[in-house]
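Notes to accompany the following structure.
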Amino acid sequence: MATEDKNRATAAAILPLVGGAANVSSVVHCMTRLRLGLNDRSLVDDEALKALPAVMGVVEDETYQIVLGPGTVARVTPEFEKLVEEGRAATPEPAATAAAPAPAPAAGDELAAQGAAIRAARKAKNATPFKLFLRKIANIFVPLIPALIGCGIIAGLNGLLKNLGWLTSVTPALGAMASGFMALIAVFVGYNTAKEFGGTPILGGAVAAIIVFPGVADIEAFGQKLSPGQGGVLGALGAAILAVYVEKWCRRWVPEALDVLVTPTLTVLVSGLVTIFGLMYVAGEVSTAIGDFADWLLSNGGAGAGLVLGGFFLPLVMLGLHQALIPIHTTLIEQQGYTVLLPILAMAGAGQVGASIAVYLRLPRNESIRRTIKSALPAGLLGVGEPLIYGVSLPLGRPFITACVGGAFGGAFVGFFNQLGSAVGSTAIGPSGWALFPLLDGNHGLGTTIAIYAGGLLVGYLAGFVATYFFGFSKDLLAEFNVSQEPAASTVAATGTPAAPVTGPAAEPARA
């Protein structure tokens with residue numbers, strides 16, 4: 001009960017700071033963030049929100065995002081939704097007055113309208129079609145991550161038991177649990193895709209289900225027999241998007257009296273035929289090419305490829321471009337059983353941890369930053385990077401760059417062993433850091449895979465620490481922050497170093 005009270009208290013503290021229940025139009029959450037749709041952004045008190053003990057940071061994107069951390073966000077969100085519903089119920093709509101004259105626009109209203117127009121223009125400038133598309137892709141796949149994690153861990157446990165020869169009567173059941181979701185992942189992708197692109201979700205799932213239906217093995221397209229699952233998640237993605245466009249066309253032209261019969265029939269028929277006789281083959285070829293390229297890149301690029309991937313992942317996250325990798329990860333898991341890219345990208349979090357430890361030692365008299373690091377470091381070791389990113393490295397500026405250096409060296413280490421033939425992969429996406437150990441898989445046994453990944457983490461920690469300790473601070477910055485006081489927000493600006501971009505297109509740091 002105490003935990004429930006704590007979660008409700010957190011929700012109750014957040015609600016008035018985002019403008020109250022009347023200002024909240026939507027409430028969802030991902031793995032670490034409470035994502036709110038707001039009617040009026042000007043009613044939000046950013047600084048007060050950041051000051052709440054449970055809040056790790058805020059990010060303004062298409063939705064207003066409050067970083068609470070894994071586990072916490074899943075418990076706070078239902079309490080927040082309850083408070084929003086209670087607030088709406090307690091505030092009835094004002095009665096309409098028929099004879100009331102229309103008030104003349106006040107100067108304050110005009111200024112508010114101008115402010116809203118400025119905010120809308122700024123948001124539109126930032127909302128490029130490419131980034132909006134990537135956000136939609138992320139919204140399709142992020143809800144699948146819990147199932148990928150759960151099934152991935154069960155798959156790892158099942159593999160371990162098989163190798164040891166233990167519980168042989170149980171391993172087939174574990175295998176079914178681990179593989180069932182992946183066998184039907186195309187259906188879930190189709191459902192979420194249609195939902196995200198404005199169609200009927202169940203129709204998107206129905207069209208995507210064609211891809212995994214065993215009967216497609218009797219169909220020939222492009223001179224060859226199709227195979228169940230051909231095209232995978234990419235095929236499901238394309239099929240569901242097509243279904244949305246067919247459905248919307250039908251809604252415009254089919255008479256209302258016939259809509260309930262004609263629209264779903266034409267949506268499944270047209271999209272299904274295109275999927276069977278086109279998309280499955282094309283998406284299958286693309287999926288195969290993605291797997292082949294990932295293998296070629298790490299087999300030939302090795303340390304160099306790992307250096308680039310590990311070093312640039314944090315900036316990629318801050319620009320929101322890492323979302324483009326989600327379908328690639330999922331495709332590799334579907335094809336090979338694991339993604340070889342995620343363990344390398346996870347080294348960015350290792351560099352962040354090493355950099356933060358160096359900051360802790362370099363600022364012995366700054367209790368505010370040291371307290372932030374002490375509270376955020378355990379989460380950072382488990383792969384949750386928001387507290388260290390937004391609370392430490394980005395506000396200081398240069399330590400963010402040296403954290404990337406640590407990630408580059410860690411990525412080069414893992415990439416080097418891939419080049420030698422020891423593939424290190426993850427059976428699911430989402431976790432990183434120490435939390436990735438239960439999901440590791442590879443082609444040379446679990447022991448070798450764990451040793452290589454652990455070695456990469458140690459290299460990332462060490463490189464991030466060394467780079468930050470010796471090169472992470474200018475003399476002015478060190479003198480400014482190494483003081484026995486709480487640093488004001490204006491202090492960072494006074495030093496001329498970059499501030500944390502708590503607003504803008506930053507997207508889920510994906511366990512950086």
Side-chain angles (χ1 to χ4, degrees), residues 6 10 13-14 17 32-34 45-59 65-73 76 314 317-318 348-404 406-407 432-435 460-461 464-465 467-469 472-474 477-495 497-503 506 508-509 511-512:
K6 178 182 176 182
T10 299
I14 291 173
L17 299 180
T32 60
R33 300 181 185 188
L34 174 64
D45 190 337
D46 295 292
E47 296 305 319
L49 274 172
K50 295 177 202 173
L52 293 178
V55 174
M56 301 174 178
V58 297
V59 178
Q65 304 169 16
I66 303 172
V67 183
L68 298 175
T72 301
V73 71
V76 171
L314 283 182
V317 166
M318 300 314 299
Q352 179 71 54
V353 167
S356 298
I357 295 173
V359 171
Y360 184 89
L361 296 179
R362 291 287 274 166
L363 301 178
R365 292 193 292 273
N366 192 312
E367 289 303 319
S368 176
I369 291 179
R370 285 166 66 90
R371 186 165 56 249
T372 299
I373 293 172
K374 282 192 292 186
S375 63
L377 198 57
L381 290 169
L382 291 173
V384 181
E386 288 97 334
L388 293 176
I389 291 173
Y390 294 120
V392 181
S393 64
L394 267 174
L396 292 173
R398 195 181 294 183
F400 180 76
I401 298 173
T402 53
C404 294
S432 65
W434 294 3
Y461 295 152
F465 176 86
T468 305
Y469 192 89
F473 292 91
S474 65
L477 186 65
L478 195 60
E480 188 75 32
F481 278 91
N482 198 24
V483 291
S484 302
Q485 62 181 21
E486 297 285 334
S490 59
T491 306
V492 177
T495 63
T497 58
V502 295
T503 60
E508 185 82 16
R511 318 288 69 77

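We use all heavy atoms of the structure for the numbers below, so side chains are in, but hydrogens, waters and symmetry mates are not.
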Legend entry - Residues forming a side chain to side chain contact (heavy atoms under 4.5 Å, CB included) with Pro364, sequence neighbours excluded: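 If we apply the side chain to side chain contact (heavy atoms under 4.5 Å, CB included) test to Pro364, skipping adjacent residues, the hits are Arg370, Asn482.
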Show the nearest heavy-atom pair for residues [X] and [Y], with the distance to one decimal.
{"X": "Gly472", "Y": "Pro399", "value": "O-CD, 3.4 Å"}
{"X": "Ala403", "Y": "Ala355", "value": "CB-CB, 3.8 Å"}
{"X": "Thr10", "Y": "Ala54", "value": "CG2-CB, 3.7 Å"}

Measuring from atom [atom1] of [X] to atom [atom2] of [Y], what distance do you get when rounded to the nearest 0.5 angstrom?
{"X": "Arg371", "Y": "Tyr360", "atom1": "CZ", "atom2": "OH", "result": "11.0 Å"}
{"X": "Gln352", "Y": "Thr402", "atom1": "CD", "atom2": "OG1", "result": "8.5 Å"}
{"X": "Ile66", "Y": "Asp46", "atom1": "CD1", "atom2": "CG", "result": "9.5 Å"}

Legend entry - Sidechain-backbone polar pair: Asp45 side chain, Leu17 backbone, donor-acceptor under 3.5 Å: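 Absent.
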Legend entry - Donor-acceptor under 3.5 Å (Arg33 side chain, Gln65 main chain):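 No; zero donor-acceptor contacts below 3.5 Å.
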Inset, instruction - Begin from the C-alpha positions of Asn366 and Val359 and carry the test side-chain contact (heavy atoms from CB on, under 4.5 Å) through to its verdict. - result: CA-CA 10 Å; Asn366 192 312; Val359 171; over 6 Å; no
Please examine the side chains of [Y] and [X], heavy atoms only from C-beta on, and report whether any two atoms are closer than 4.5 Å.
{"X": "Tyr461", "Y": "Leu381", "value": "yes"}
{"X": "Phe481", "Y": "Leu477", "value": "yes"}
{"X": "Ser356", "Y": "Val353", "value": "no"}

Inset, instruction - Could you check Ile357, Thr372, Val392, Leu382 and say which one makes a side chain to side chain contact (heavy atoms under 4.5 Å, CB included) with Leu377? - result: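 That would be Ile357.
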Inset, instruction - Answer yes or no on whether Arg362 is positioned over the face of Tyr469, meaning its NZ or CZ is under 6.0 Å from the six-membered ring centre and within 45° of the axis. - result: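 Yes, a cation-pi geometry holds between Arg362 and Tyr469.
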Legend entry - side-chain contact (heavy atoms from CB on, under 4.5 Å) evaluation trace for Val67 with Val73: CA-CA 8 Å; Val67 183; Val73 71; over 6 Å; no
